[in-house]
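Below you'll find the structure, written out as structure tokens, and then a few comments.
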Amino acid sequence: MPKHKDLKRLIRGRMQKTGESYTTARLHIVQKSNGVLQGPITKTPTTTMPAVKVPNQESRPNYAAITRMSDESVRKATGCTWERWVKALDRDQAFQMTHREIAAHIRQKYKTPSWWTQMVTVGYERIRGLREVGQKRSGDYEVSKSKTVAVPLRKLYAAFSTPRGRARWLPDVKLTVSGATPEKRMRLRWEDNTPVDISFAARGKGKSQVAVQHGKLPTKSDAERMKAFWEERLEALAAQVTR
């Protein structure tokens, strides 16, 4: 499997040669690298599904590990294991669809519940190499962290709502508040212009929760770095507001 920078270079090179979208070009490069496809993928709707090497039972991919969701949970919610979902969606050539198209197809044809429609879509995309864990179909990454703190919602929100409040637990960071609904949500622009969405919720008597979602991170290493950063800073936040 090529390294991240090499992978992006190969994908962009293929896009220039074929005119394919990023998603289609990436799928072809990744599957070719993994030795999965024996024939090319085209955009023509009438194209038959590419030949796939069927591994023996011992070497069959662990779909539950790839998706980070057990076969039992997906079967209980949708009536199918991951293996059955992959066979069905491969038959429908979902690997050539966008994320939105796959979700709409699953919802309309298989009548899945709304939340599980997204879970099956994302799981299938991970299995087929269209995205990694934490990665969007656009190629960038997104991380999320949350923290429940033993303070009222009003006090937790105040730690975010003013520059002085943020400086106590989030020092030396340049950011811009681009929108806010008091005690519900905030939207920030990080110093590198990446978006940070923050939501707040009451969690029982004297407790509240904050959830941070940091998107459009260009690489997996950036995502890992920011995930560790937010985990550390939310611990600092909790220590600050509970003094």
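None of the values given here were measured: they were computed from a predicted structure.
- For the pair Leu153 and Phe200, the minimum side-chain heavy-atom distance is below 4.5 Å.
- Listed here is the closest heavy atom pair of Ala150 and Lys207: CA-CG, 4.1 Å.
- The two atoms that bring Ala88 and Tyr110 nearest to each other are CB-OH, 3.6 Å, heavy atoms only.
- Taking the charged nitrogens against the carboxylate oxygens, Glu72 and Arg75 do have a contact shorter than 4.0 Å, which makes a salt bridge.
- Contact detail for Gln93 and Met97: the closest heavy-atom pair is O-CG, 4.0 Å.
- A 4.5 Å side-chain heavy-atom check between Arg203 and Leu156 finds every atom pair outside the cut-off.
- Annotation: Glu101, atom CD; neighbour count of heavy atoms from other residues, nucleotides and ligands within 6.0 Å is above 12.
- Leu188 pairs in a side-chain contact (heavy atoms from CB on, under 4.5 Å) with only one of the listed residues (Ile198, Thr194, Thr176), which is Ile198.
- When all heavy atoms are compared, the tightest approach of Met186 to Ala180 is CG-CB, 4.0 Å.
- Side-chain contact between Arg107 and Ser114 is absent, with no heavy-atom pair separated by less than 4.5 Å.
- A heavy-atom distance below 4.5 Å is not found between the side chains of Arg185 and Asp197.
- His105 is listed as a side-chain neighbour of Asp92, based on a closest heavy-atom distance under 4.5 Å.
- The shortest distance between side-chain heavy atoms of Phe160 and Leu237 falls below 4.5 Å.
- Here the straight-line distance linking atom CD of Gln118 with atom CD1 of Ile102 works out to 10.0 Å at 0.5 Å rounding.
- Within 6.0 Å of the CZ atom in Arg84, the count of heavy atoms belonging to other residues, nucleotides or ligands does not exceed 12.
- A salt bridge links Glu83 with Lys87: the closest approach of a Lys/Arg side-chain nitrogen to an acidic carboxylate oxygen falls below 4.0 angstrom.
- When all heavy atoms of Met69 and Ser73 are compared, the pair lying nearest together is CG-OG, 3.3 Å.
- Residue-environment remark: NZ (Lys184) stays at or below the threshold of 12 foreign heavy atoms within 6.0 Å.
- Look at Arg154 and Glu183 and you find no salt bridge, because none of the NZ, NE, NH1 or NH2 atoms lies under 4.0 Å from a carboxylate O.
- Residues Ile127 and Val122 fall into different hydrophobic clusters, defined by Ile, Leu, Val, Met, Phe, Trp and Tyr side chains chained together at heavy-atom separations under 4.5 Å.
- Proximity of a side-chain donor or acceptor of Lys155 to a complementary backbone N or O of Val241 within less than 3.5 Å is detected.
- By the ring-ring contact (aromatic ring centres under 6.0 Å, His included) test, Trp190 pairs with His214, Phe229, Trp230, sequence neighbours left out.
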request  = Start with the C-alpha distance between Val151 and Ser208, add both sets of side-chain angles, then the distance that settles side chain to side chain contact (heavy atoms under 4.5 Å, CB included), and finish with yes or no.
outcome  = CA-CA 6 Å; Val151 296; Ser208 53; 4.0 Å; yes
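- Separation of atoms CG (Leu175) and CZ (Arg189) is listed at 12.0 Å; rounding is to 0.5 Å.
- Here the OG1-CD distance, from Thr98 to Glu125, works out to 8.5 Å after rounding to the nearest 0.5 Å.
- The CD1 atom of Ile106 sits 12.0 Å away from the CH2 atom of Trp116 when rounded to the nearest 0.5 Å.
- Separation of atoms NZ (Lys220) and NZ (Lys227) is listed at 11.0 Å; rounding is to 0.5 Å.
- Contact of the Val86 side chain with the Arg128 side chain is registered, since non-hydrogen atoms from C-beta on lie closer than 4.5 Å.
- Residue Lys145 qualifies as enclosed at atom NZ: its count of foreign heavy atoms under 6.0 Å is above 12.
- When Trp85, Tyr124, Trp82 are each tested for a side-chain hydrogen bond (donor to acceptor under 3.5 Å, both in side chains) with Thr67, only one passes: Trp82.
- Side-chain contact between Val173 and Arg233 is absent, with no heavy atoms from C-beta onward closer than 4.5 Å.
- Across all non-hydrogen atoms, the minimal contact from Asp71 to Ala64 is N-CB, 4.1 Å.
- The CZ atom of Arg168 lies 7.0 Å from the OG1 atom of Thr162; values are rounded to the nearest 0.5 Å.
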